[in-house]
Amino acid sequence: MAISISASKLFKLRLHSPIILRHLSTESNPPPPPPHQDQDQDQDSLITQALQLLQAPDYDSNSNTTTPLQELLFSSSSPSSPFIFRNITRRLSSSSEALKFFHYLQSNSTSQDILPSLSSTFQAIFELASREPDSHNKLLELYGTAKEHNVPLTINAATLLIRCLGRAGMVDQVLVVVKEVDPSLKNTHFCNVVIDVMFRLGRVDDALKVLDEMLQPDSECPPNDSTGDIIFGAMLRREWRGRSINDEEIVGLVSKFGEHDVFPDTFQLTQLITKFCRNRKTGRAWDLLHDVMKSGGVVEAASCNALLTGLGKGGDFERMNNLTTEMKEMNIQPNVVTFGILINLMCKSRRVDDALEVFKKMKEGSDGVLVEPDAIMYNTLIDGLCKVGRQEEGLSLVEQMRSQNGCAPNTVTYNCLIDGFCKSGEIERAQELFDQMNRESVFPNVITLNTLIDGMCRHGRINSAVEFLNDMQSKGVKGNAVTYAILINAFCNVNNIDKAMEFFDQMSNSGCSPDAIVYYTLISGLSQAGRMDDASSVVSKLKEVGFCLDTVCYNVLIGGFCKKNKLDKAYETLKEMEEAGVKPDSVTYNTLISYLSKTGNFTTAHRVMRKMIKEGLKPTVVTYGALIHAYCLIGKIDEGMKIFRDMGSASKVPPNTVIYNILIDSLCKNDDVEHALSLMDDMKVKGVKPNITTYNAIFKGLRDKNLLEKAFELMDRMIEQACNPDYITMEVLTEWLSAVGETGKLKKFVQGYEVSASSA
DNA sequence: TTAGGGTTAG
């Protein structure tokens, strides 16, 4: 009785089978909604019965009479639905049991339409095998069996197979399966799995080929959000087995995805933009964001912030402006980070008042957007104020901070203020702030330490700095490479090279390894002190630990060798530099040209200059200055003037104050103060400001010719320009004017200087 | 959001 009932139910089911079949061939994840409940129950009872009969001894025997199992499964004129066979198979104990069932179905079915059922059964076998040990080999073997029996894989079976083979790293087998899958069965889920597997196996080009087909406008398998996740994730991945997706591809792909209404989420978009900006590809980042905007994707402040940061670093203020305008137009609400970026940029370019205005508007919401500042923003402004010497205003911002909830001054706040006071030479106030932060339990860090040490060193208190370091070390704040760089530099500056070397050794011994800057600092100090052997040995140490010399460091060495008259060593260094692939710059050539011309080797100096030009470098004002100076030194002022005229006209390098100083000084010393005065007029015309060196040179020239009126005129001009006299000026003028009884003029000059100093 | 270095002509 059970059988007959089942047979009739089967008939009922068969009516639905075309629909079920269609589902099978295009089935994607997630699976289609479950059938009706009564159908469910019918199926369940059929499956239960089938499973019971499969335990019976006559299953798999080739009896001539119809068995109950055959009756159940094949009684009517057509086979039962593939869905049923698959569900029976799924409940078998193993893939080998399932394979036996497959063979049973194959040999017992008389129907022509059994093929879809067999495919479906095979899918279930794959499912079982995929959960068994050694699944990839089992699946591969089963795939062979299916092919042997001409049973096409369902798309889900193919998907499962590919995923499993991919996990086992079987690249070639994956490619074979992909090639053999019936193209008409492929769906988006299948393509997603293929792409994912290919990426993981490092087959980027194969993955992109599949993706390209998905992205075609008339694609049978259009991309969905999962496709997006796979691709955008792959774009951001750091470690690649194959090649990475290049920037151009990224922009193109995001744009094509957009045509299918698939977009990176805010996090992915922001990450992609950040990645481009870090590689200085703000143009691509810009295109990326705007593609998403144009095709209607969601763009939030975070992504815009990433781009604003990149544009700011590249100094592209025009695009920054455009982007903020677009944000307004598109109703993308700026947040505290957006304002932070803008305010930071203004502070860094010393436009602190502009920054304060933006800050005020933001806090009041007077421009339509009200945002509460955070500690970072306060710190940015405080730093900005301190960097332009407005520490007191910085302190009043700290008071504002205190009055705002959850915005207490922190270590960074104090560090900025301490640096401000140190830079202005108010070391005591910096120390007071240091004491205050300790009282408030805002803990100093190594930056606090270094800021104070640097301040002390720069204001002649090296010993206090060392004492302070020792004190802090004993309290647990250890110095780092920066600390030692500061101290080494400070000792080099006061020509205490031994002490500098001592600190260098001390840091290595105390387990703080020097970084490249520490090496560069010491090399420079030694080179300037003329200790080239020591400098060379530090260079060797630097190389031993794996650092490289950069252009400036090579220049320092070349300059050092020149100073010691070791031209051969200088050339050797230049050669090494070129061989190491470090391009000499104009400073390198200028150093050599200066040395060569000063030692009278003008032919070689000009040859080096030609080489410089050949290498694509333009002679600079320093190049011409070096030559002019050398010609003047040997009394060939005409030659110097010739170069001077040439640089302004032919080479289009405008002369600066130093150039004029060299010439004016030489002309005066050469008894040609008239010509020197005409050069001073020339400076006025060209807008080149004279400095104290200019005035000292011309005053000496005027004194030698006793041209008093001209001197008075220039003294007035000095006061006007707030150019402070130095001891040379005073010496020359005092001696001369006293001798000629013009002490009144001198007194007036000193008073004028005092007035101009106080007003300045 | 905070700290360090080195080069050429007077």
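All figures in this text were calculated on a predicted structure; none of them were measured in a lab. Just so you know, these numbers use all the heavy atoms, side chains as well, and skip hydrogens, waters and symmetry mates.
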| task | Ignoring hydrogens and angles, answer whether the base of B/dA9 and the side-chain atoms of A/N661 contain a donor-acceptor pair closer than 3.5 Å. | result | no
| query | Nearest to the side chain of A/K563 - B/dT2, B/dT8, B/dG4? | reply | B/dT8
| field | A/T380-A/D383 side chain donor-acceptor pair, cut-off 3.5 Å | value | no
| side chain to side chain donor-acceptor pair (under 3.5 Å) involving A/K686 - partner list, sequence neighbours excluded | A/D682
| task | State, to 0.1 Å, how close A/G701 and A/V673 come at their nearest heavy-atom pair, and which atoms those are. | result | C-CG2, 3.8 Å
| Distance in angstrom units between A/D374 CG and B/dT1 P, rounded | 11 Å
| said: Using a strict heavy-atom distance below 4.0 Å, which residues from residues 390-410 of chain A are in contact with DNA chain B? | reply: none
| said: In this structure, how many angstroms lie between the P atom of B/dG4 and the CG atom of A/N493, rounded? | reply: 14 Å
Would you be so kind as to tabulate the donor-acceptor pairs closer than 3.5 Å made by side chains of residues 629-642 of chain A, with sequence neighbours excluded?
unit_1 : atom_1 : unit_2 : atom_2 : d
A/Y631 : OH     : A/H606 : NE2    : 3.2

| note | Value for CE (A/M577) from OG1 (A/T551), rounded to nearest 0.5 Å, stands at 4.5 Å
| query | Which nucleotide, B/dG4, B/dT2, B/dT8, lies nearest any side-chain atom of A/I517? | reply | B/dG4
| said: From CG of A/N450 over to P of B/dA3, roughly how many Å is that when rounded to an integer? | reply: 11 Å
| task | Could you check how far CG of A/N445 sits from P of B/dT2, rounded to whole Å? | result | 12 Å
| field | Under-4.0 Å side-chain N/O to phosphate OP1/OP2 contact, A/K669 with B/dG10 | value | no
| Where along residues 496-509 of chain A does a heavy atom come under 4.0 Å from DNA chain B, residue by residue in number order? | none
| Where at least one partner belongs to residues 395-444 of chain A, residue pairs that pass ring-ring contact (aromatic ring centres under 6.0 Å, His included), sequence neighbours excluded | A/F434-A/F468
| Partners of A/D515 by salt bridge (charged side-chain N to carboxylate O under 4.0 Å, His left out), sequence neighbours excluded? | none
| Below 4.0 angstrom from OP1 or OP2 of B/dT2, is there any side-chain N or O of A/K423? | no
| request: Could you list the residues that satisfy side chain to side chain contact (heavy atoms under 4.5 Å, CB included) with A/E572, not counting sequence neighbours? | output: A/K569
| request: Would you please name every residue forming a side chain to side chain contact (heavy atoms under 4.5 Å, CB included) with A/N691, sequence neighbours left out? | output: A/T657, A/N661, A/T693, A/T694
| query | Rounded to the nearest Å, what distance is computed from the CZ atom of residue A/F561 to the C1' atom of nucleotide B/dT7? | reply | 15 Å
| message | Testing the 3.5 Å rule here: is there a donor-acceptor pair between the side chains of A/D585 and A/T588? | response | yes
| request: May I have the distance from A/I341 (atom CD1) to B/dT1 (atom P), rounded to whole angstrom? | output: 9 Å
| request: Would you state whether a donor and an acceptor, one from the side chain of A/N555 and one from the base of B/dG6, lie under 3.5 Å apart? | output: no
| task | Select base, sugar-phosphate, or nothing to describe what A/V556 touches, counting heavy atoms under 4.0 Å on all strands. | result | sugar-phosphate
| Of all of residues 593-604 of chain A, which get a heavy atom below 4.0 angstrom from DNA chain B, listed by number? | A/S594, A/K598
| message | Counting only heavy atoms and a strict 4.0 angstrom limit, can you tell me which residues of residues 473-489 of chain A come near DNA chain B? | response | A/N480, A/A481, A/V482, A/A485, A/I486, A/N489
| Rounded to whole angstroms, how far apart are CD1 on A/I558 and P on B/dG6? | 18 Å
| Do A/F561 and A/Y571 have ring centres separated by under 6.0 Å? | no
| Which pairs, with at least one residue in residues 440-460 of chain A and sequence neighbours excluded, count as a salt bridge (charged side-chain N to carboxylate O under 4.0 Å, His left out)? | A/R402-A/E440, A/D454-A/R458
| query | Does a side-chain N-to-carboxylate-O contact under 4.0 Å join A/R439 and A/D435? | reply | no
| Proximity to the side chain of A/S524 - top-ranked nucleotide from B/dG10, B/dG6, B/dT1 | B/dG6
| query | Under 4.0 angstrom, heavy atoms only, what part of the nucleic acid is A/C553 near: base, sugar-phosphate, or nothing? | reply | base
| Spacing between A/I637 atom CD1 and B/dA9 atom P, to the nearest angstrom | 20 Å
| message | Once ring pair (Phe, Tyr, Trp, His ring centres under 6.0 Å) is applied, do any residues pair with A/Y519, and if so which ones, sequence neighbours excluded? | response | A/F504, A/F547
| Base, sugar-phosphate, or nothing: which does A/D585 touch, judged by heavy atoms less than 4.0 Å apart? | nothing
| said: Are A/F339 and A/F359 an aromatic pair, judged by ring center distance below 6.0 Å? | reply: no
| What does A/T591 touch in the nucleic acid at a heavy-atom separation under 4.0 angstrom: a base, only the sugar-phosphate, or nothing? | sugar-phosphate
